[in-house]
Amino acid sequence: MFVIATAGHVDHGKSTLVRALTGMEPDRWAEERRRGMTIDLGFAWTSLADDEMTAFVDVPGHQRFVTNMLAGVGPVTAVMFVVAADEGWRQQSAEHLAALHALDVRHGVLAVTRSDLADPGPAIAQARERLDGTGLAGIPAVAVSAVTGQGLAALRDTLRDLTRALPAPAPGPARLWVDRSFSVRGSGTVVTGTLASGTVTVGDDLLLYPSGRTVQVRGLQSLKTDVDRAGAVSRLAVNLRGLKTDEVRRGHALVQPGAFAPVTSMDVRLVRAADRLPAQLTLHLGSAAVAVRVRMLGPSAARLTPATPLPLHVGERGLLRDPGARHVVAGFVVLDTMPPGLHARGDARRRATALAGMRDRPTVAEEVGRRGAVRREALVMAGVLAPGDADPDGVVTAGGWLVDPVVWKQWTAALHRVVDEWAAANPLSPGIAPDAAARRAGITDARLVGALAAEAGLVLDVSGVHGRDTGIRFPAPIRRALDEICAGLRDAPFAAPGAEDLARLGLSRRHLAAAVTAGVLIRITDGVYLLPGAPAEALRRVAALPQPFTVSQARAAWDTSRRVAVPLLEHLDRQGATRRLDTARRILTKESR
Ligand SMILES: Nc1nc2c(ncn2[C@@H]2O[C@H](COP(=O)(O)OP(=O)(O)OP(=O)(O)O)[C@@H](O)[C@H]2O)c(=O)[nH]1
Ligand SMILES: [Mg+2]
């Protein structure tokens, strides 16, 4: 299916032309027919060629209903621009063109209608001139009369050529901008809209914006025909389970879960804006019209804060209007849906400079480079990365993060420094907990510490991150047993496990010897194993005793038994840290004082 929106000044013959092309009545309301004027959006369809259907979204031309007009064209990429031969270019011709240009609509046909009432030549020439310099410059023009039928066949052919030349809808998640909601007896709530991307299937769970509710698709119709499934582009009526009619209305959106972040703050590039914009405007995007706070960052950059969350992606276009004024005040391109806070003096100016250097559709590497590190799913929800995309080249991926290689290097170095500092300050527990390490090293997420530790040649185990990697790999039960012993020794550094403890844990002499080689434990004497930092801590504690000191004073200071205290003192003697004075007393050597 193809979807084409109409555009053009009030009363120029848009609806009449749609009726002539489709045989359907786009003006749905009695009031519209009585007043001979379109108020709300109308929908009609026909087959221009083969079996493929073309649906028209017929918009009102009157200035008062421009919000309805924008809701109609918002999700549509092709337009039938109507100008009356007898009236020529008028005010809403210009306003509609400004909106289409800002939305970057590039596909269209110029229909100069009512050409039975006047020579269409001057109106065509005038319209072409106005279209020049916009995205619709050079579109084919057709003179037509809906009354005499003159030119209608040519218009059909031109519209058919237009639809054939339309680019396939960009692959992407399902998003349907709601333009109507009503209740059908026996079915409940039905919404209609233009599905501009993705696929919807009966039974799907979708997210409703802005409420964030999950709703289930109970039934689908496309052009009044029941379907099980519909893909973009299509006009769709969606029957929703468990939703009251007043809970959904025009401007809401149904989207695929996990595909969009609820955007409440975004940085945009302004297109064709005045130097300064009012601080409060209305934002139009898709079928939505939402109050928005505008903060100018620079001449063509602004931060927008919509009053309700919007499901949108980087690179999308929208409009800003002053509801009081009679024109579009600016178009915009979404550049960042996760903008950084602006706290310090000069932040806004720096941000404007950064935004000026961004492309409308950044690559993943550019986004990662700009942010240093970003969650993969955040880029998916920003529309920069598709869920199935392979991890991009030139970016480090770990733990669900995409990290800039320069930042990765900095983090690796910082982790090394933090681990060294910690080990020096805490000789008895050389492992630092991952979240503490992340905090000290300025690493965004503690879940990255494991990968960074591996990169840095460090070890992450139950005792935290530490620097001992000897390449010895223990079987899992042995590793667990050693971890248990280390954890116990971190709490009570001199409570060396006894022979029964070691036997219960399944640790043989061979395992313990390997643990010593690996630097996990040190052997004080046969059967007495402590953490590598234990002698330094032991010395620190006996240094605090009155000198000289006895074995039982040392034992008390270490809170251990003679089984450990005696060989540990002998170990300190051998290291030259302590010296025996006589059978009972020892003293710290000069070197260790
Ligand atoms: N003579 C003549 N009259 C036409 C032609 N097309 C439309 N009209 C008349 O022009 C008037 C306006 O036509 P509409 O189709 O309602 O115009 P519109 O652009 O849909 O108007 P809005 O939706 O209110 O913006 C009606 O009285 C139509 O009968 C045409 O080709 N020839
Ligand atoms: Mg009309």
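Counting convention: from 1, in listed order, for ligands and their atoms alike. Heads up: numbering here begins at 1 and tracks the sequence.
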Counting each atom of ligand 1 from 1 as listed, which ones have a heavy atom of [X] under 4.0 Å away?
X	result
Ser15	15 (O), 18 (P), 20 (O), 23 (O)
Asp116	1 (N), 2 (C), 30 (C), 31 (O), 32 (N)
Thr113	31 (O)

To check your reading of the model: name the closest protein heavy atom to [atom], its residue, and the distance in Å.
atom	result
atom 16 (O) of ligand 1	Gly36 O, 3.8 Å
atom 11 (C) of ligand 1	Arg114 NH1, 3.7 Å
atom 15 (O) of ligand 1	Thr16 OG1, 2.5 Å
atom 2 (C) of ligand 1	Val147 CG2, 3.3 Å

Does only the side chain of Asp11 get under 4.0 Å from ligand 1, or the backbone, or both, or neither? Count heavy atoms.
both

[X], any N or O under 3.5 Å of ligand 1 N or O:
X	value
Thr38	yes
Gly13	yes
Ala146	yes

Consider side-chain contact (heavy atoms from CB on, under 4.5 Å). Of Asp205, Leu236, Leu254, Val238, which one does Val217 pass it with?
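Among the candidates, only Val238 passes.
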
Run down the list Lys14, Met37, His62, Arg35 and name the one with the heavy atom closest to atom 18 (P) of ligand 1.
Lys14

Using the Mg ion (ligand 2) as the vertex, how large is the angle between OG of Ser15 and OG1 of Thr38, rounded to 10 degrees?
90°

Could you tell me whether [X] and [Y] make a salt bridge, using a distance below 4.0 angstrom between a side-chain N and a carboxylate O?
X	Y	answer
Arg250	Asp179	no
Glu31	Arg35	yes
Asp58	Lys14	no
Glu32	Arg28	no

Of all the heavy atoms in Gly8, does at least one lie under 4.0 Å from an atom in ligand 1?
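In this structure, Gly8 fails to qualify as a contact of ligand 1 - no heavy atom is under 4.0 Å.
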
Looking at CE of Met24 and CG of Leu21, how far apart are the two atoms once the value is rounded to the nearest 0.5 Å?
12.5 Å

Can Leu162 and His107 be said to form a side chain to side chain contact (heavy atoms under 4.5 Å, CB included), step by step?
CA-CA 7 Å; Leu162 167 71; His107 306 278; 3.8 Å; yes

Taking all non-hydrogen atoms of both residues into account, name the closest pair between Val191 and Val178 and its distance.
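Minimum heavy-atom contact is CB-CG1, 4.0 Å.
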
Arg269 and Ser300: side chain donor to acceptor below 3.5 Å
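No, Ser300 and Arg269 have no side-chain donor paired with an acceptor closer than 3.5 Å.
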
